[in-house]
Amino acid sequence: MERNLDLRYVVIGGGMSGILAAIRLREAGCRNVTLLEKAHTIGGTWRENRYPGLNCDVPAHAYTYSFAPNAEWSSYLAPGREIQDYFEDVTDRFGLREIAHFGQEVDSCTYADGVWTVTTKAGMTVEADVVITATGVLHHPRMPEIEGLGSFTGTVAHSARWDDAIALDGKRIGVVGSGSTGVQLVSALAGRAGKLGHFQRSPQWIMPMPNVPYTEEQREAFRRDPALIDAVRYDPEYQANVLRFTAGIIKPDSEEMHIIETIVRDNLEQSVADPALRERLRPNYRAACKRLIFSPDYYQVVQQHDVDIVIEGIERIEPEGIRTSDGVLHELDLIILATGFHADRFIRPAVVTGRGGASLDDMWAKHATAYNAISLPDFPNFFFLNGPTGPVGNFSLIDVAERQWGYIEQLLDKVTSGECAEICVTPDAMARYDDARTEAAKGTIFASGCSSWYLGKDGVPMTWPWSYGHFADVMAKPDFDDFEMVKAGVAA
Ligand code: NAP
């Protein structure tokens, strides 16, 4: 069947998902693809996050495009820098730089008469038939509202705005936040800092996750035999863990969740010798309510290096350091805010206006959503990758994005084949999806009584609330009855 390869595509965001979309479109022969990236290079979260200790807690060979395996990973869990290098390398290998425009932060997308007009803050305007928004989930750093933060006379740094020039060795450092970032930071800084305090408003459950370096012999074997890479990627034990996790999060009282709870409780009990320290590190909510921390060494490190685990609340920040609710002043040279992100922003603050003046902000007034995490009514040919309500958390987001792209490709087939000019979910299907998703989300472990970035402002988890297997099935074949397809020249 003949395809229209002259459709104009704009991909917004040059992170992992945007790179994927651009590669796939170009491989399909599309001649008119523009990639807009706000920063000076690609990489998304791996470009922005450069804090000490950053690595990916998903096994490196599973956090790799299926079509671009990488024999060179230095360890089972790859350091952030290597992941950034991988994306830079893939960008070069697939010739994406010629379609990429850097320093182009999108500030509006407006639909009229079958065309999307995308503008950037730097003054670029691009017209497109199809828009792919791949702007990531965690890219608006959350600065905590702590009294006196501005009065601190030392250095304050957010983990996602890292300055490599910050002095660390021998310094008195306070890390605020005990999510995946805070834990990785503390593991890396213990032993380097002169004094290290980990300020934990909520201690976290920690899943043990050994991280072993690959030897040169192993890498050589990966180079020679890609089946060995697949053996790691599809390792039955890793896959079983993922399945157990996904089964557990949707059924908090399941056997699978009890197994997870037992593992993390045993990890705490067996790894931390001092009963008083153990209690300071014990969370008061259920495992996996917040994103599970996977760490090879956090408990060991905080004992070896005498890290101060501070669970007393932060009263305020003073010129010399952090004052906690017990009256103690923790004197510091550097405060690192590992306080996370505004996870409900997605493409915002860009202003997105669909058919008939439909406003994204209005549509998301209650919570950010999209049908199957992909499409919105009245936003024709406008698709999300790793958008709202997709699976997030302890999964490979590359696998998520690849499956989502498989779904979007099938929607695009309708357009490139000429069967229709525009496609988007119907309002009715959107409402059914949103109601069902919201109801299901209330029953997940994420809603079992803790704060986390998974929760929307209505207190309901914003995530995919069904199993990963169900996600894979849904992505494999769109239900076209849920879509409105508008033929060329026919006003909707
Ligand atoms: P996060 O999970 O949202 O954790 C933020 C931390 O800051 C929490 O401990 C929170 O405490 C604390 N906090 C926030 N405001 C505070 C305040 N005013 N006073 C004291 N404490 C405050 O953020 P994150 O650790 O940056 O991680 C975000 C996500 O990034 C992760 O869940 C993960 O998806 C991703 N990530 C992945 C990796 C990886 O290896 N794959 C590594 C790093 C990050 P409460 O819990 O009490 O709110």
Side-chain angles (χ1 to χ4, degrees), residues 15-16 44-46 48-60 62-63 75-83 136-149 156-162 174-188 197-207 209 211 245 281 283-285 288-296 298 309-317 322-325 330 335-344 386 390-400 446 449-455 461-463:
M16 173 276 286
T45 197
W46 302 104
E48 307 265 295
N49 285 279
R50 296 195 322 275
Y51 60 80
L54 170 68
N55 70 13
C56 182
D57 59 14
V58 173
Y63 193 81
S75 45
Y76 183 67
L77 306 177
R81 184 64 242 174
E82 258 179 54
I83 299 172
V137 189
L138 301 168
H139 62 127
H140 296 287
R142 180 187 290 277
M143 298 302 283
E145 286 170 17
I146 303 176
E147 185 194 328
L149 183 57
V156 178
H158 191 283
S159 55
R161 292 285 176 272
W162 193 255
V175 174
V176 179
S178 50
S180 307
T181 303
V183 163
Q184 290 185 353
L185 270 159
V186 167
S187 291
H198 195 184
F199 294 80
Q200 307 202 349
R201 187 164 68 181
S202 326
Q204 286 264 24
W205 289 111
I206 295 186
M207 178 68 79
M209 176 74 144
N211 185 20
F245 180 72
L281 287 166
N284 62 1
Y285 53 87
C289 183
K290 296 172 191 278
R291 183 183 187 271
L292 260 187
I293 311 279
F294 285 80
S295 173
Y298 177 76
I309 302 294
V310 185
I311 56 169
E312 292 70 25
I314 297 176
E315 190 82 12
R316 62 181 172 273
I317 294 180
I322 295 179
R323 175 87 62 185
T324 43
S325 57
H330 303 260
I335 297 176
I336 304 177
L337 302 171
T339 45
F341 300 85
H342 296 282
D344 63 346
N386 273 314
V392 285
N394 298 92
F395 302 114
S396 166
L397 286 188
I398 295 192
D399 189 63
V400 170
F446 305 142
C450 68
S451 65
S452 82
W453 64 264
Y454 292 152
L455 302 181
M462 300 184 287
T463 55

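Starting from 1, each residue takes its place in the sequence as its number. All values below come from the heavy atoms of this structure, side chains included, with hydrogens, waters and symmetry mates left out. This one's a predicted model, so the numbers in the text were calculated from it and none came from an experiment. Order of listing sets the numbers, starting from 1, for every ligand and every atom in it.
Protein heavy atom closest to atom 48 (O) of ligand 1, with residue, atom name and distance, is Arg201 NH2, 2.9 Å. The protein heavy atom nearest to atom 36 (N) of ligand 1 is Ser180 CB, 4.1 Å. Among protein heavy atoms, the minimum distance from atom 44 (C) of ligand 1 is reached at Thr181 OG1, 3.4 Å. Closest protein heavy atom to atom 23 (O) of ligand 1: Gly340 CA, 3.2 Å. Scanning the protein heavy atoms around atom 41 (N) of ligand 1, the nearest turns out to be Asp57 OD1, 3.0 Å.
With ligand atoms numbered from 1 in the order given, ligand 1 contributes 31 (C), 32 (O), 33 (C), 34 (O), 41 (N) to contacts under 4.0 Å with heavy atoms of Arg291. Each of the atoms 20 (C), 21 (N) of ligand 1 lies under 4.0 Å from some heavy atom of Val176. Those atoms of ligand 1 that come under 4.0 Å of a heavy atom in Phe341, given as number and element, are 26 (O). Listed by number with element, the atoms of ligand 1 under 4.0 Å from a non-hydrogen atom of Leu138 are 29 (C), 30 (O), 34 (O), 35 (C). Ligand-side atoms of ligand 1 in range of Asn55: 39 (C), 40 (O), range being under 4.0 angstrom from any heavy atom. For ligand 1 and Ser202, the ligand atoms under 4.0 Å from any heavy atom of the residue are 45 (P), 46 (O), 47 (O). Near Ser178, with a cut-off below 4.0 Å to any heavy atom, the atoms of ligand 1 are 6 (C), 8 (C), 9 (O). Heavy-atom proximity to Pro144, at under 4.0 Å, picks out these atoms of ligand 1: 17 (C), 18 (N).
At least one heavy atom of Ser451 sits less than 4.0 Å from an atom of ligand 1.
When the options Tyr285, Tyr454, Trp453, Tyr51 are ranked by their closest heavy atom to atom 3 (O) of ligand 1, first place goes to Trp453. Nearest to atom 5 (C) of ligand 1 by heavy atom, out of Cys289, Ala338, Gly177, is Ala338.
Between the side chain of Arg323 and the main chain of Glu315, no donor-acceptor pair closer than 3.5 Å is present. Although no hydrogens or angles enter the test, the distance criterion places no donor-acceptor pair under 3.5 Å between the side chain of His139 and the main chain of Ala343. With hydrogens and angles disregarded, a donor-acceptor distance shorter than 3.5 Å links the side chain of Thr339 to the backbone of Arg142. A donor-acceptor pair under 3.5 Å is absent between the side-chain atoms of Gln200 and the main chain of Leu281, judged by distance alone.
Taking the side chain as every heavy atom from C-beta outward, Val392 and Trp453 approach each other to under 4.5 Å. Contact of the Met209 side chain with the Pro59 side chain is registered, since non-hydrogen atoms from C-beta on lie closer than 4.5 Å. A 4.5 Å side-chain heavy-atom check between Gln204 and Tyr285 finds at least one atom pair inside the cut-off. With contacts defined as side-chain heavy-atom distances shorter than 4.5 Å, the pair Ile322/Val176 qualifies. The side-chain heavy atoms of Trp46 and Cys56, taken from C-beta on, include a pair separated by under 4.5 Å. The side-chain heavy atoms of Phe199 and Ile335, taken from C-beta on, include no pair separated by under 4.5 Å.
When heavy-atom distances to ligand 1 are checked against a 4.0 Å cut-off, Lys290 comes that close only through its side chain, counted from C-beta outward. Under 4.0 Å from ligand 1, the heavy atoms of Gln184 that appear belong solely to its side chain.
Ring pair His198/Tyr298 is perpendicular by interplanar angle, where above 60° counts as perpendicular and below 30° as parallel.
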